[in-house]
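Step one of this worksheet: look at the structure below.
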2 protein chains.
Amino acid sequence: MPQDTHGDHEAPARAEGFNHARTAQSVALLEDYTEMIDDLIHEHGEARLTDIARLMGVTHPTAAKAVARLKREGLAVSRPYRGVFLTEIGVAMAARVRLRHRVVVDLLVAVGVPAEAAEIDAEGIEHHVSDATLGAFEAFLKARG
Amino acid sequence: MPQDTHGDHEAPARAEGFNHARTAQSVALLEDYTEMIDDLIHEHGEARLTDIARLMGVTHPTAAKAVARLKREGLAVSRPYRGVFLTEIGVAMAARVRLRHRVVVDLLVAVGVPAEAAEIDAEGIEHHVSDATLGAFEAFLKARG
DNA sequence: CGCCAAATGTAGCCACGTCTACACTTTTGT
DNA sequence: ACAAAAGTGTAGACGTGGCTACATTTGGCG
Ligand SMILES: [Mn+2]
Ligand SMILES: [Mn+2]
Ligand SMILES: [Mn+2]
Ligand SMILES: [Mn+2]
């Protein structure tokens, strides 16, 4: 993972995209989990670890470690054997991530990608869409009606 | 990384996108390095480890490990203290990856993303673009002239 | 030719994300 | 109320991708 001691100090222009991609990847997991937890809370009133794990397609210890990282980074809170909840920051991230996810799917569909492929690919693509790109996507979609 | 023992055996539909993204990420590094090595060979006749490292934005031991993985997976060959070369499979991957990279950048630009952001974001996005999506991108671009 | 700088190899550290296996707690059902 | 089932915690293993530090080889140059 991007242990990111610094690394960027004199990277050639060519390397910029790679460094960005590495950074994006390191937050992708946080984004997916916060969005998922937010979804579960809205749908079932709480986010149980088992449900998180099942829907993320991982085993429960993997989800537990992810939640531990969310807590460490101030995005979530939880007490032993109880559900997981998002902090204010976590909720904000979830909202941002959900919007971007939807925009990406819509953009893909708008340019002709089949809905099913759009959903699947968007799950990975979304984490690499910068604000500039997101803005362009929104403008493109708006100009389409 | 996707240690992928199997995992997918009874994943709910919701998890499919996440599993795909994890798999894509596990080959992203191979794709970027093969493309870079191919670039260097075309530009300088050979791909030296130091150049690979510098252009990828990592230290040379990191690049060395990546090359070791490329060799292990049958994508590259090299002898100690000499340059790195791609196998037939490696060359094929590089060609495929380069095409997809270009199509992604073109698509982004076509929908209004600034060129600079398009280049940077494409470096991450490309690895999550399925064949179906790539085909749709190409069709969209063609229909634009 | 021989030396020195640059390139490459290698060892070893760390953080992460995944898993299995097992321990413990909570909930459920009779 | 208690036993069984389900959920959760935790330890430990593994592969990966970063890094630093140091050893070795190559190659160019005086
Ligand atoms: Mn995602
Ligand atoms: Mn998403
Ligand atoms: Mn890339
Ligand atoms: Mn690329």
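Chain identifiers are assigned alphabetically (A, B, ...) following the order of the sequence lines, protein sequences preceding nucleic acid strands; residue numbering begins at 1 within each chain.
Comparing C/dT10, C/dA7, C/dG17 by their nearest atom to the side chain of A/K65 picks out C/dG17. For B/P80, whose side chain is taken as the heavy atoms from C-beta onward, the closest listed nucleotide among C/dC19, C/dA7, C/dG9 is C/dG9. For A/Y81, the listed nucleotide lying nearest its side chain is C/dT25; candidates were C/dT18, C/dT20, C/dT25.
Atom CD of B/Q25 and atom P of D/dG17 are 9 Å apart (whole Å). Rounded to an integer number of Å, the gap from CG of A/L30 to C1' of C/dG17 is 12 Å. Counting to the nearest Å, the P atom of C/dG9 and the NZ atom of B/K71 are 8 Å from each other. Rounded to a whole Å, the NE2 atom of B/H60 is 15 Å from the P atom of D/dG18. Rounded to whole angstrom, the span from the CZ atom of A/R48 across to the C1' atom of C/dT26 amounts to 9 Å. The interatomic distance linking B/L40 (CG) with C/dA7 (C1') rounds to 15 Å, in whole Å. A/Y33 places its OH atom 12 Å from the C1' atom of C/dC16, with the value rounded to the nearest Å. Look at CZ on B/R22: it is 9 Å from C1' on C/dG17, rounded to the nearest Å.
Contact annotation: A/T50 reaches the phosphate of D/dT8 (side-chain N/O to OP1 or OP2, under 4.0 Å). Between A/T62 and C/dC19 there is a side-chain N or O to OP1 or OP2 distance below 4.0 Å. Of the side-chain N and O atoms in B/R82, none sit less than 4.0 angstrom from OP1 or OP2 of C/dT8.
Separating the CD1 atom in A/I120 from the CZ atom in B/F18 is a distance of 12.0 Å, to the nearest 0.5 Å.
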Show your working on side-chain contact (heavy atoms from CB on, under 4.5 Å) between B/E119 and B/H101 and close with a plain yes or no.
-> CA-CA 9 Å; B/E119 261 309 329; B/H101 184 111; 3.3 Å; yes
Walk me through it: do B/R69 and B/Y33 pass the test side-chain contact (heavy atoms from CB on, under 4.5 Å)?
-> CA-CA 10 Å; B/R69 188 178 160 205; B/Y33 274 87; over 6 Å; no
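Other residues, nucleotides and ligands contribute more than 12 heavy atoms inside 6.0 Å of the CD atom of B/E46. In A/E88, the CD atom is not crowded: 12 or fewer heavy atoms of neighbouring residues, nucleotides or ligands sit closer than 6.0 Å.
The end-to-end axis angle of the helix from C/dC1-D/dG30 to C/dT30-D/dA1, rounded to 10 degrees and based on five pairs per end, is 0°.
Across all strands shown, B/P61 has heavy atoms under 4.0 Å from base atoms, whether or not it also approaches the sugar-phosphate.
A salt bridge does not link A/R144 with A/D106: every distance from a Lys NZ or Arg NE/NH1/NH2 to an Asp or Glu carboxylate oxygen is 4.0 Å or more.
In this structure, B/A64 and A/V58 both approach DNA chain C, and ranking their closest nucleotides by distance from the 5' end singles out B/A64. Comparing B/L49 and A/E73 by the nucleotide of DNA chain C that holds the closest heavy atom to each, the one mapping nearer the 5' end is B/L49.
Using a 4.5 Å heavy-atom cutoff, the side chains of A/R54 and A/D51 are in contact.
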